[in-house]
Amino acid sequence: MTIENYKQNFFDNMIYYRTQKGLSQLELSGICECGKSTISGIEARKHFPSFDLILKIAYALEIHPADLFLRNASQSREDVRKFFDEELSVKMKEMVEKRFPLDKAEE
């Protein structure tokens with residue numbers, strides 16, 4: 001994984017965790033004691049935050065700083081949803097139908 005991959009994960013995760021937390025850019029900037037333009041510039045991928053700001057962002061989002069870099073959290077959730085929709089829900093339906101077969105009158 002390259003430094004650019006880590007940066008892209010950071011940007012994606014910052015937006016994901018901020019929206020999951022229900023914070024606006026303005027609210028996050030207030031907690032982090034920086035300007036809204038700083039947060040919006042980071043989320044627009046125009047600027048990369050300092051180490052101190054990374055720690056403040058993680059604290060504000062109530063996550064470990066490493067969670068901002070390790071993987072794209074929103075993509076992981078999309079993968080889980082896709083797996084559920086395409087595979088798991090089909091298998092669950094088959095299990096239910098096998099366990100509780102329809103009577104001829106119900107068909």
Side-chain angles (χ1 to χ4, degrees):
M1 189 174 227
T2 68
I3 189 74
E4 286 305 313
N5 295 122
Y6 284 109
K7 284 183 176 181
Q8 294 309 311
N9 284 348
F10 178 89
F11 295 131
D12 293 336
N13 287 334
M14 180 176 158
I15 295 167
Y16 173 76
Y17 287 118
R18 178 182 62 75
T19 56
Q20 286 294 109
K21 191 84 174 135
L23 295 174
S24 67
Q25 289 180 345
L26 182 61
E27 291 168 324
L28 181 59
S29 68
I31 296 168
C32 294
E33 299 175 338
C34 66
K36 180 186 176 290
S37 62
T38 300
I39 298 299
S40 63
I42 294 167
E43 289 190 0
R45 303 167 194 258
K46 294 179 181 177
H47 310 288
F48 197 78
S50 67
F51 183 75
D52 288 340
L53 186 51
I54 291 169
L55 294 178
K56 288 179 180 181
I57 291 168
Y59 175 79
L61 299 175
E62 299 179 346
I63 58 173
H64 192 280
D67 291 336
L68 291 166
F69 293 96
L70 294 179
R71 59 175 170 61
N72 180 333
S74 63
Q75 186 62 47
S76 296
R77 288 190 182 255
E78 288 173 24
D79 291 341
V80 169
R81 283 189 188 114
K82 185 177 177 182
F83 170 73
F84 182 81
D85 290 341
E86 293 177 359
E87 296 182 37
L88 194 55
S89 63
V90 172
K91 290 179 182 175
M92 288 175 56
K93 183 179 177 186
E94 290 170 358
M95 288 171 40
V96 169
E97 288 174 354
K98 185 177 180 180
R99 175 71 172 95
F100 303 102
L102 293 175
D103 292 335
K104 295 285 185 201
E106 293 179 272
E107 293 179 353

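The minimum heavy-atom distance between E27 and S24, with the atom names listed, is OE1-N, 2.7 Å.
Residue F48 qualifies as enclosed at atom CZ: its count of foreign heavy atoms under 6.0 Å is above 12.
One hydrophobic cluster, built from ILVMFWY side chains closer than 4.5 Å, holds both Y16 and I54. When hydrophobic clusters are built by joining Ile, Leu, Val, Met, Phe, Trp and Tyr residues whose side-chain heavy atoms come closer than 4.5 Å, directly or via intermediates, Y6 is grouped together with L68. By the criterion of side-chain heavy atoms lying less than 4.5 angstrom apart, applied directly or through intervening Ile, Leu, Val, Met, Phe, Trp or Tyr residues, L28 is not grouped with I15; the two fall into different hydrophobic clusters.
Contact annotation: the side chain of F11 never approaches that of M14 to less than 4.5 Å [non-hydrogen atoms, C-beta and beyond]. Put simply, the side chain of E43 reaches to within 4.5 Å of the side chain of R18, judged on heavy atoms.
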Would you be so kind as to tabulate the donor-acceptor pairs closer than 3.5 Å made by side chains of residues 33-42, with sequence neighbours excluded?
unit_1 : atom_1 : unit_2 : atom_2 : d
K36    : NZ     : Q25    : OE1    : 3.4
S40    : OG     : K36    : O      : 3.2
S40    : OG     : S37    : O      : 3.2

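At least one donor-acceptor pair under 3.5 Å links the side chain of N5 to the backbone N or O of T2.
How far CD1 of I63 is from CD1 of I57: 9.0 Å, rounded to the nearest 0.5 Å. To the nearest 0.5 Å, atom CD of residue E4 and atom NZ of residue K7 are 5.0 Å apart.
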### Task
Start with the C-alpha gap between D67 and N13, add the side-chain angles, then the distance that decides, and say whether side-chain contact (heavy atoms from CB on, under 4.5 Å) holds.
CA-CA 8 Å; D67 291 336; N13 287 334; over 6 Å; no
### Message
Between D12 and R45, is the salt bridge (Lys or Arg N to Asp or Glu O under 4.0 Å) condition met? List the steps.
### Response
CA-CA 10 Å; D12 293 336; R45 303 167 194 258; 2.3 Å; yes
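Alongside F51, the hydrophobic cluster contains L55 (criterion: ILVMFWY side chains under 4.5 Å).
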